[in-house]
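All ligand and atom numbering here is 1-based and tracks the order in the structure. Residue numbers run from 1 in the order of the sequence given. These numbers come from a predicted model, not from an experiment.
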Amino acid sequence: EKAGYPHFMLKEIFEQPRSIADCMRGRLNVENNSIQLGGIEDVMDDLVNAKRIVIAACGTSWHSGLVGEYLFEYLAKTPVEVEYASEFRYRDPLVGEGDVLLVISQSGETADTIAALREAKKRGALVLGICNVVGSTISRETEAGVFTHAGPEIGVASTKAFTAQVVVLTMMALSLGKRKGVLSQDEMSKFIKELSKIPSKVEYILEHNDESIQKMAGLFTYAPNFLYLGRSYNFPVALEGALKLKEISYIHAEGYPAAEMKHGPIALIDEMMPVVVIAATDHTNEKMISNIEEVKARKGRIISIMNDENSDVMDLSEFHISIPTTNDCFSPLLTVIPLQLLSYYIAVNRGCNVDQPRNLAKSVTVE
Ligand code: F6R
């Protein structure tokens, strides 16, 4: 059932070209230049009229929600707030009629996320969901939603569910942008074409980087700490990379927006500190380069995830992983892949139980 892979997590990482394509199938149509999301068709007018969207989720699903914030604001010009489901529900939240609450959950059974959705529903908000598990509590209790169709995710650490969630958020933001008149037919067509190439680009990353990431993992297996830095769309990916490493390898890791580093975490950097920089967002390239220089000046060890042929970043990095270029707003779908592999191989080297890390469960049904 692991299809020849030693762990479900590795199998699920390698399944992503297919799970992403499955998520787009019948929805993203390159020939007609259109996106059809049957599950939310009936509430599209509410989304168009929504003054803001509140996203609530936990863990990795919260990270995809953060990517969603950047996507909805850029592509559809709809303001978004992203909340930890647990904080949202206990705060006497200011949501009600006219508001949209979008919950994101792989399992559809996360207790805090369910409680957030019930709270918002009680207050009159329209409650939508992005779920992987069909028939789950969240998929039943939301008024409309979109399934991720990533297939069963068995490894406790979420991988293919994350990328599928980001694909759904991207398709939602694009179709909303189109309906609102924010995106022209021409812009739509460019985005749709590029999005349709993501599965093959993910495939390329898996084929060309797996070995070098294994080698790199060997060098950093016993690092006690890791820092992950990203900007813009890749700030949430920095958080996700750090979470993956913590969960399965028990190495302390933190993700930061790169510019925040100088407000504190920079004090941690010395010659022992691996710093993973996600430098694959073109519009932040210059700023990222200065952040890399700041890390290097303190002898931190730079591992960069960068776009093809970014020689400036390459020259400054001790290790680099090149990924195919895509539109900045789709780059999390590519940059997260090497980070999943890096955490996987480090955890394996440390002899950790990758598929069932200590203290964790696949769905967190306690509050
Ligand atoms: C991360 C992980 C957890 C879950 C979180 C939410 O790898 O597995 O952080 O993402 O518990 O779970 P769902 O998405 O099922 O609501």
Side-chain angles (χ1 to χ4, degrees), residues 7-13 15-16 19 23 55-68 82-89 101-118 120 127-142 145-169 228 236-251 253-255 332 336-337 339-344 346-347 352-367:
H7 297 97
F8 282 109
M9 183 181 176
L10 192 63
K11 168 175 175 267
E12 288 160 4
I13 292 173
E15 257 168 28
Q16 287 175 109
S19 54
C23 179
I55 296 180
C58 305
T60 288
S61 298
W62 182 76
H63 295 155
S64 76
L66 287 178
V67 178
V82 188
E83 305 263 6
Y84 284 116
S86 56
E87 287 298 314
F88 174 81
R89 56 174 297 207
L101 180 82
L102 173 61
V103 292
I104 307 176
S105 175
Q106 187 285 129
S107 63
E109 301 298 345
T110 300
D112 281 316
T113 311
I114 295 172
L117 102 74
R118 287 180 183 158
V127 180
L128 309 179
I130 297 176
C131 265
N132 196 41
V133 177
V134 178
S136 58
T137 306
I138 290 176
S139 71
R140 283 185 278 109
E141 293 195 15
T142 41
V146 181
F147 286 110
T148 41
H149 294 318
E153 191 179 64
I154 313 288
V156 164
S158 187
T159 53
K160 64 175 179 169
F162 173 81
T163 44
Q165 288 165 348
V166 174
V167 169
V168 168
L169 288 161
Y228 288 73
V237 177
L239 299 182
E240 175 59 6
L243 179 65
K244 286 289 88 88
L245 191 70
K246 280 183 263 208
E247 283 182 296
I248 61 169
S249 71
Y250 319 138
I251 293 175
E254 292 196 51
V336 76
I337 309 288
L339 304 187
Q340 295 169 343
L341 286 171
L342 182 65
S343 61
Y344 172 79
I346 290 180
C352 298
N353 185 347
V354 172
D355 282 334
Q356 279 180 306
R358 70 186 183 201
N359 310 341
L360 293 173
K362 188 65 189 160
S363 58
V364 182
T365 51
V366 290
E367 300 178 8

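Contacts of V156 with ligand 1, taken as heavy-atom pairs under 4.0 Å, involve the backbone alone. At a heavy-atom distance under 4.0 Å, only side-chain atoms of E247, from C-beta outward, approach ligand 1. Contacts between K244 and ligand 1 below 4.0 angstrom, taking non-hydrogen atoms only, involve the side chain exclusively.
Considering backbone and side-chain atoms together, T60 places an N or O closer than 3.5 Å to an N or O of ligand 1. Below 3.5 Å of separation, one finds no N or O of K362 facing any N or O of ligand 1. Here's the thing with Q165: none of its N/O atoms is less than 3.5 angstrom from an N/O atom of ligand 1.
Using a 4.5 Å heavy-atom cutoff, the side chains of I104 and I138 are not in contact.
Nearest protein heavy-atom neighbour of atom 15 (O) of ligand 1: S107 OG, 2.7 Å. Closest to atom 12 (O) of ligand 1, if we only count protein heavy atoms, is T110 OG1, 3.5 Å.
Counting only residues at least two apart or on different chains, the salt bridge (Lys or Arg N to Asp or Glu O under 4.0 Å) pairs with a member in residues 353-367 are R89-E367, E153-K362. Listed by first then second residue, pairs satisfying salt bridge (Lys or Arg N to Asp or Glu O under 4.0 Å) with a partner in residues 158-168 read E15-K160, not counting sequence neighbours.
For the residue pair Q165 and S64, a side-chain donor N or O sits within less than 3.5 Å of a side-chain acceptor on the partner. Between the side chains of T365 and E109, no donor N or O sits under 3.5 Å from an acceptor N or O. Donor-acceptor pairing under 3.5 Å is recorded for the side chains of E240 and T60.
Atoms of ligand 1 lying under 4.0 Å from any heavy atom of S61, numbered from 1 in the order shown and given with element: 10 (O), 13 (P), 14 (O).
Aromatic ring orientation, H7 versus Y344: perpendicular (interplanar angle above 60°, classes split at 30° and 60°).
Heavy atoms of S363 stay at 4.0 angstrom or farther from ligand 1.
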